[in-house]
Amino acid sequence: MAKVELTPLRPWDDFFPGSERFAKPDGKDLAKWNNRVVSNLLYYQTNYLALAIVVFLVVGFLNPLGMFTAMAVVSGVFLGSVWAGENRAVINNFKRHNPTAFVIAIMVASYILISMLGSVMVFMSAITLPLALIFAHASFRLRNMKNKLENKIEGAGLKRSPMGILLEALGQQEENFQKIQSFLEGKLKE
């Protein structure tokens, strides 16, 4: 197994090159849209991490107690959902068949718990805002050839990254791994 490596910070002109490299995703082809999002999450993960950290720090300085509460709740819900997905067959089956619904369920559960603790605005600004910005960029940013190549290397297991591990835990990459494994097995038989 390859060691975990953080991808390099992509230059600003690659991360945000101009309107010609952005396009509205095809809402009718959810598999293609999901593939674009996963590919961009893997390729731009360090840029997304930097964006999230900046928003996180700004909100954290404005409301440190609310930020700590929100971080603790989201971490607990995420770790609990990953544990349940690995140890409970019903949840694992749901996660495998409905990965997007599984992620939404984690976010909704986090929101409900945080609202009970009174830190909803911190959650909305510190967690939801970076996630919304990241999802919007990953949805609209068209992939380039280097992006596609990096994703194939990650998918083949030759390179591991923190985002790849996170997506795998959320069940977002199982299909990609199966496709690549089938492709490699076919090539080995030839």
Side-chain angles (χ1 to χ4, degrees), residues 4-7 9 15 25 27 30-31 33-141 151 154-155 160-177:
V4 177
E5 298 177 23
L6 193 62
T7 62
L9 189 66
F15 183 64
L30 294 179
W33 185 5
N34 187 55
N35 188 31
R36 181 193 290 186
V37 170
V38 169
S39 294
N40 283 330
L41 286 174
L42 289 169
Y43 187 70
Y44 294 112
Q45 63 186 285
T46 307
N47 295 67
Y48 293 146
L49 178 63
L51 173 70
I53 288 172
V54 168
V55 173
F56 226 64
L57 289 174
V58 169
V59 174
F61 284 128
L62 297 175
N63 189 346
L65 181 62
M67 180 60 113
F68 177 75
T69 303
M71 286 181 358
V73 169
V74 171
S75 297
V77 170
F78 175 74
L79 292 174
S81 67
V82 169
W83 177 86
E86 293 176 0
N87 295 309
R88 301 286 184 241
V90 173
I91 296 173
N92 188 14
N93 192 28
F94 177 76
K95 180 174 93 169
R96 197 175 13 201
H97 289 95
N98 304 302
T100 305
F102 184 72
V103 172
I104 290 170
I106 292 170
M107 292 177 70
V108 168
S110 297
Y111 177 80
I112 290 170
L113 288 172
I114 289 172
S115 68
M116 291 179 358
L117 297 173
S119 298
V120 175
M121 288 313 295
V122 173
F123 175 80
M124 296 303 286
S125 56
I127 296 169
T128 307
L129 179 61
L131 287 176
L133 291 172
I134 290 167
F135 182 72
H137 183 273
S139 291
F140 290 99
R141 176 67 168 95
N151 291 317
E154 172 99 18
R160 301 276 296 159
S161 67
M163 183 63 77
I165 293 168
L166 177 67
L167 291 171
E168 188 178 335
L170 293 172
Q172 293 291 323
Q173 282 197 306
E174 291 177 16
E175 289 178 15
N176 292 340
F177 290 139

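Being a predicted model, the structure only gives us computed values, none of them experimental.
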Asks: Work out which heavy atom in Asn92 is nearest to a heavy atom in Gly85; give both atom names and the distance.
Replies: CB-O, 2.9 Å

Asks: Side chains of Tyr44 and Ile134, heavy atoms from C-beta outward: is any pair under 4.5 Å?
Replies: no

Asks: Nearest 0.5 Å please: distance from the CZ atom of Phe135 over to the CZ atom of Phe140.
Replies: 8.5 Å

Asks: Got Tyr48 and Asn40 here, is their nearest side-chain heavy-atom distance under 4.5 Å?
Replies: yes

Asks: Kindly give the heavy-atom pair with the smallest separation between Ile114 and Ala70, and that separation in Å.
Replies: CD1-CA, 3.9 Å

Asks: Which pair of heavy atoms, one from Trp33 and one from Ser139, lies closest together, and at what distance?
Replies: NE1-OG, 3.0 Å

Asks: For the residue pair Phe94 and Ala101, what are the closest heavy atoms and their distance?
Replies: CZ-CB, 3.8 Å

Asks: How long is the gap from CG on Leu57 to CG on Leu62, to the nearest 0.5 Å?
Replies: 10.5 Å

Asks: Heavy atoms only: give me the nearest Leu113-Val77 pair and the separation to one decimal.
Replies: CD1-CG2, 3.5 Å

Asks: Can you tell if the side chain of Leu133 reaches within under 4.5 Å of the side chain of His137, non-hydrogen atoms only?
Replies: no

Asks: Scan for side chain to side chain donor-acceptor pair (under 3.5 Å) pairs involving residues 63-78, sequence neighbours excluded, and state none if there are none.
Replies: none

Asks: How about Met67 and Phe61: do any of their side-chain heavy atoms sit closer than 4.5 Å?
Replies: no

Asks: State, to 0.1 Å, how close Arg36 and Arg141 come at their nearest heavy-atom pair, and which atoms those are.
Replies: CD-O, 3.5 Å

